[in-house]
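Just below is one structure, and these are the notes that go with it.
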Amino acid sequence: MEIAMLTLRKPVVHKAAAESISPAQSPTVQDWIDECVELCQPDSIHVCSGSLRERKSLIEQGVRQGVFIPLNQEKRPGCYLHRSNPNDVARTEQCTFICTPSPDTCGPTNNWMQPHAAYGKLKGLFRGCMKGRTMYIIPFVMGPIGSPLAKVGIQLTDSIYVAVNMGIMTRMGNVAWKQLGDSEEFTRCLHSVGDCNPDRRFICHFPLDNTIWSFGSGYGGNALLGKKCLALRIASFLGQQQGWMAEHMLISGVSVKGKKTYVAAAFPSACGKTNFAMLVPPEKYRKAGWKVTTIGDDIAWMWVDEKTGRLRAINPEAGYFGVVPGTNEQTNPNAMACMSRDTIFTNVALLPDGDVWWEGKTAEAPAQCLDWMGQPWTPGKGSKAAHPNSRFTAPMTNNPALDPSADDPNGVEISAIIFGGRRAKTLPLVFQAFNWMHGVYVGATLGSETTAAAGGQVGVVRRDPMAMLPFIGYNIRDYLVHWFRMRKKMTDCPRIFHVNWFRKNDKGEFIWPGFGENVRILQWIIDRCNGRAYAVETPLGWMPRAGDIDLEGLNISESDFDAMQKVDLETFKTEILGQEELFLKLAGDLPKEMIFQKELLVSRL
Ligand code: GTP
Ligand code: SPV
Ligand code: MN
């Protein structure tokens, strides 16, 4: 059955009604959908089954509506371009709210709205917003089917783009009804693009009701509600209550000569997770048996295995919503393979032959193309052809380096946690924290230059604790305490590291080649985890000497390396003052472990 139809109390006309089924077993699901239908008043309803035929038909409808532009099907089979509203090109943190009865549950780093006020305000916006439109009912699972941590969500949306993207990013359709069974536990996700007016844009989370209401945006994390809203904000709240963690982390496996080590890494938005997760080691390493495989590129759910006392992780997603600018065959061949077929491109440039282009795809820009807004573009135009936050949505099964355990409900054991930011100055290429408690401090004080992934100024250093600043669904005080307390659950814990691929020289060029060459740093990290590599004790943590990192084949001398690792203590004092930005926000609520760690750091200088 391709198109399913729920039996509604106030039936809505649908052409496919005759062949419809009612997949929802639970009256709770039915009641909630009825309520939302009554509120939004769609003309028709489509319950997504998740089948291939349905996907094709949704895309065909999207093409007829101008939502999707077919690309050259010989060069990119199954690929389409979507251009979003130019006022809707990234997450909007200022429109994102955590709605809890007390502002203390929300904390000082989130926008707070009282739940009744939020429901009231958004009801006014949702009322009748789907008149003349179709409501897509999207049942989905976050996490491998059957995993103890897997969560069911149901998103109601009027965006066909969102429906198709959710089909790629999650395990979507009838599998979700099966996973739900007669349970009443699911995340209620209501979404409408509305009139896409930034003044009427609200992304509201109700962690106590397991509910997300998003209005006025059709882009990425604002609209694909399984991703940042459910898998990070709601999940981090649940994790804190239930003793597990939802983090903005990639997960990858590093194999060398038959031994495999899994690492998780938290870098802020557009700071290199997808690229690191899909890293292809340089030839020398490949010949020596090195291979990196991907479990996930954006989100990790982690828990402590009671039998082993070790941290394990799953990727709740089933696809990638990755940044395209800067991606090419040299920097990330696996991402290029991912987007070679069955991919939705958002806000990239369109070439005359029906292929796509973005800054950094080729050394030379095309003579002409249509830019991300559909306007004629030539290299002299002075604007970007692709939006800096343009993205590809591709199923993880397209990834040639997909880890065989990506679908394993039991996840993988994590040996290292890596924090990293985008820092032109001050922070070294790599160091290791002294222990878990110090590592939590390193993660909590993570700083990074802002990127185009969120609206607002780009390139200013801000504190982004654990790369989770925009995604912690509750009070950051309790989040940090949760991190410290996780240590007690583990018999042996992952080693914690900090990296910075983005240090620049006086000419403003990146000093470290990055991308595939990052495996050289990964090698030291893996060796440290397995008790094999040397390190020097420094005020920041354990650091490799030039001789401890393999620099062969790079145009980097040992003294260049020393320069990249150099921490100028005077400059670093400014860094510590920068951390105060976060401490002051927390004011009297700063966990005592943070204060102790800071004192220890200062005393080491
Ligand atoms: P989100 O999806 O927003 O969470 O981002 P992400 O952390 O997955 O970032 P991604 O890997 O997509 O990289 C973002 C940008 O950083 C791209 O333009 C990359 O080309 C660039 N980048 C990634 N890794 C490196 C690196 O090692 N060195 C340098 N110089 N740039 C990098
Ligand atoms: C991020 O901004 O961290 C992303 C993209 O991964 S979005 O899904 O739009 O949040
Ligand atoms: Mn992200």
Side-chain angles (χ1 to χ4, degrees), residues 84 88-93 96 162 165-166 169 203 214 217-233 247-252 265-280 294 296-300 315 317 319-328 330-332 334-336 338-339 346-347 358-361 384 386-393 418-424 429-430 448-456 458 464 467-471 499-504 508-522:
S84 76
D88 190 26
V89 294
R91 281 183 296 101
T92 42
E93 295 174 5
T96 304
V162 166
N165 275 268
M166 285 292 286
M169 294 304 293
I203 299 97
S214 166
S217 165
Y219 204 87
N222 284 349
L224 311 177
L225 301 187
K227 197 173 175 56
K228 306 297 178 172
C229 299
L230 193 166
L232 286 177
R233 298 196 189 96
E247 298 295 334
H248 193 200
M249 290 181 182
L250 67 93
I251 309 165
S252 61
F267 311 153
S269 301
C271 290
K273 288 183 300 302
T274 303
N275 280 274
F276 195 62
M278 295 180 185
L279 184 157
V280 178
T294 317
D297 80 325
D298 198 47
I299 301 178
N315 167 19
E317 302 189 281
Y320 311 120
F321 183 62
V323 174
V324 282
T327 308
N328 59 52
Q330 281 71 48
T331 57
N332 194 345
N334 285 328
M336 293 302 281
C338 286
M339 52 180 118
T346 306
N347 292 345
W358 51 83
E359 278 70 16
K361 184 188 177 209
K384 301 262 192 235
H387 189 277
N389 192 38
S390 52
R391 301 228 169 206
F392 70 93
T393 320
I418 308 168
F419 292 112
R422 192 181 272 272
R423 296 299 299 270
L429 184 58
V430 61
S448 193
E449 291 148 20
T450 49
T451 65
V458 169
D464 192 346
M468 279 286 281
L469 180 72
F471 309 121
V499 298
N500 174 25
W501 315 137
F502 299 94
R503 196 155 174 172
K504 289 181 176 172
E509 303 154 336
F510 292 120
I511 310 174
W512 179 249
F515 302 102
E517 304 296 353
N518 292 335
V519 77
R520 296 167 190 268
I521 305 302
L522 199 47

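Whatever order the structure lists them in is the order used to number ligands and atoms, beginning at 1.
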Notebook entry, point to check: Charged N to carboxylate O under 4.0 angstrom, Lys504 versus Glu509?
Noted result: no
Check: Could a heavy atom of Gly322 be found less than 4.0 Å from some atom of ligand 1?
Finding: no
Notebook entry, point to check: How does Leu250 reach ligand 1, by side chain, by backbone, by both or by neither, if only non-hydrogen atoms under 4.0 Å count?
Noted result: neither
Next item on the list: Select one of side chain, backbone, both or neither to describe which atoms of Lys227 lie under 4.0 Å from any atom of ligand 1, heavy atoms only.
Entry: neither
Next item on the list: Pull out every atom of ligand 1 sitting under 4.0 Å from any heavy atom of Ala270, numbered as shown with elements.
Entry: 1 (P), 3 (O), 4 (O), 5 (O), 6 (P), 7 (O), 9 (O), 14 (C), 15 (C), 16 (O)
Notebook entry, point to check: Considering Ala452, Ser269, Pro470, which one's heavy-atom position lies nearest to atom 3 (O) of ligand 2?
Noted result: Ser269
Note to self: Does only the side chain of Phe321 get under 4.0 Å from ligand 2, or the backbone, or both, or neither? Count heavy atoms.
What the structure shows: side chain
Next item on the list: Check whether any side-chain heavy atom of Met249 sits under 4.5 Å from a side-chain heavy atom of Ile299, and report yes or no.
Entry: no
Check: Just by distance, with hydrogens left out, do Asn347 and Ser84 show a side-chain donor and acceptor under 3.5 Å apart?
Finding: yes
Check: Going through the distances and angles, do Ser390 and Thr346 end up as a side-chain contact (heavy atoms from CB on, under 4.5 Å)?
Finding: CA-CA 6 Å; Ser390 52; Thr346 306; over 6 Å; no
Notebook entry, point to check: Going by the atom numbers of ligand 1, which of them fall below 4.0 Å from some non-hydrogen atom of Asn275?
Noted result: 10 (P), 11 (O), 12 (O), 13 (O), 19 (C), 23 (C), 24 (N)
Next item on the list: Using a 4.5 Å cut-off on heavy atoms from C-beta on, say whether the side chain of Pro268 contacts that of Phe419.
Entry: no
Notebook entry, point to check: Quick one: does Arg391 get within less than 4.0 Å of ligand 1, heavy atoms only?
Noted result: yes
Note to self: One residue to check: Cys271. Relative to ligand 1, which of side chain, backbone, both or neither has a non-hydrogen atom less than 4.0 Å away?
What the structure shows: backbone
Notebook entry, point to check: Given that the side chain starts at C-beta and the backbone is N, CA, C, O, which of these parts of Ala277 lies under 4.0 Å from ligand 1, counting heavy atoms, or is it both or neither?
Noted result: neither
Check: Would you say Arg91 and Lys228 make side-chain contact, with heavy atoms under 4.5 Å?
Finding: yes
Notebook entry, point to check: Given that the side chain starts at C-beta and the backbone is N, CA, C, O, which of these parts of Phe515 lies under 4.0 Å from ligand 1, counting heavy atoms, or is it both or neither?
Noted result: both
Item checked: Non-hydrogen atom of Gly360 closer than 4.0 Å to ligand 1 -> no
Check: Taking just the N, O or S atoms of Asp298, which one is nearest to the Mn ion (ligand 3)?
Finding: OD1
Notebook entry, point to check: Do the ring planes of His248 and Phe471 sit parallel (below 30°), tilted (30 to 60°) or perpendicular (above 60°)?
Noted result: perpendicular
Margin query: Side chains of Arg503 and Trp512, heavy atoms from C-beta outward: is any pair under 4.5 Å?
Written below: no
Check: Between Met249, Glu517, Lys273, which one has a non-hydrogen atom sitting closest to atom 6 (P) of ligand 1?
Finding: Lys273
Checklist line | Interfacing atoms of ligand 1 (cut-off 4.0 Å, heavy-atom, Gly326) | finding: 20 (O)
Checklist line | Minimum side-chain heavy-atom gap Cys338-Met278 below 4.5 Å | finding: yes
Notebook entry, point to check: Any idea which atoms of ligand 1 are less than 4.0 Å away from a heavy-atom of Arg422?
Noted result: 15 (C), 16 (O)
Check: Taking only heavy atoms of Pro268, which atoms of ligand 1 are found under 4.0 Å from at least one of them?
Finding: 7 (O)
Next item on the list: Please identify which atoms of ligand 2 are closer than 4.0 Å to at least one heavy atom of His248.
Entry: 3 (O)
Notebook entry, point to check: Do any heavy atoms of Asp298 fall under 4.0 Å from ligand 1?
Noted result: yes
Check: Has ligand 1 got any nitrogen or oxygen that is less than 3.5 angstrom from a nitrogen or oxygen of Gly514?
Finding: no
Next item on the list: Mark up the atoms of ligand 2 that fall under 4.0 Å of a heavy atom belonging to Asp298, in ascending order.
Entry: 6 (O)
Next item on the list: Could you list which atoms of ligand 1 come closer than 4.0 Å to a heavy atom of Thr274?
Entry: 6 (P), 8 (O), 11 (O), 12 (O)
Check: Quick one: which ligand 2 atoms are inside 4.0 Å of a heavy atom on Lys228?
Finding: 1 (C), 3 (O), 4 (C), 6 (O), 7 (S), 8 (O), 10 (O)
Margin query: Tell me the nearest of Trp501, Tyr320, Phe502 to atom 29 (C) of ligand 1, using heavy-atom distances.
Written below: Phe502
Next item on the list: Compare all side-chain heavy atoms of Phe502 with those of Phe510 and state whether any distance is below 4.5 angstrom.
Entry: yes
Next item on the list: Evaluate the side-chain proximity of Trp501 to Asn518: yes if any heavy-atom separation is below 4.5 Å, no if none is.
Entry: yes
Item checked: Flag for Ser217-Asn222: side-chain donor and acceptor within less than 3.5 Å -> yes
Notebook entry, point to check: Does a side chain donor of either Asn389 or Arg391 reach within less than 3.5 Å of an acceptor in the other side chain?
Noted result: yes
Notebook entry, point to check: What atoms in ligand 2 come closer than 4.0 Å to a heavy atom of Lys227?
Noted result: 6 (O), 8 (O)
Margin query: Suppose we measure from atom 9 (O) of ligand 2 to each protein heavy atom; which comes out shortest, and what is that distance?
Written below: Gly221 N, 2.9 Å
Next item on the list: Name the closest protein heavy atom to atom 17 (C) of ligand 1, giving the residue it belongs to and the distance to 0.1 Å.
Entry: Pro325 O, 3.5 Å
Next item on the list: Specify the closest pair of heavy atoms between Leu250 and Ala277, including all atoms of both residues, with the distance to one decimal.
Entry: CB-CB, 3.9 Å
Notebook entry, point to check: Would a line drawn from the ring center of Phe392 to the ring center of Tyr320 be shorter than 6.0 Å?
Noted result: no
Checklist line | Test applied, side-chain contact (heavy atoms from CB on, under 4.5 Å); reference residue, Pro470; option that passes from Thr92, Asp464, Leu232 | finding: Asp464
Notebook entry, point to check: Which ligand 2 atoms does Ala453 reach within 4.0 Å, using its non-hydrogen atoms?
Noted result: 2 (O)
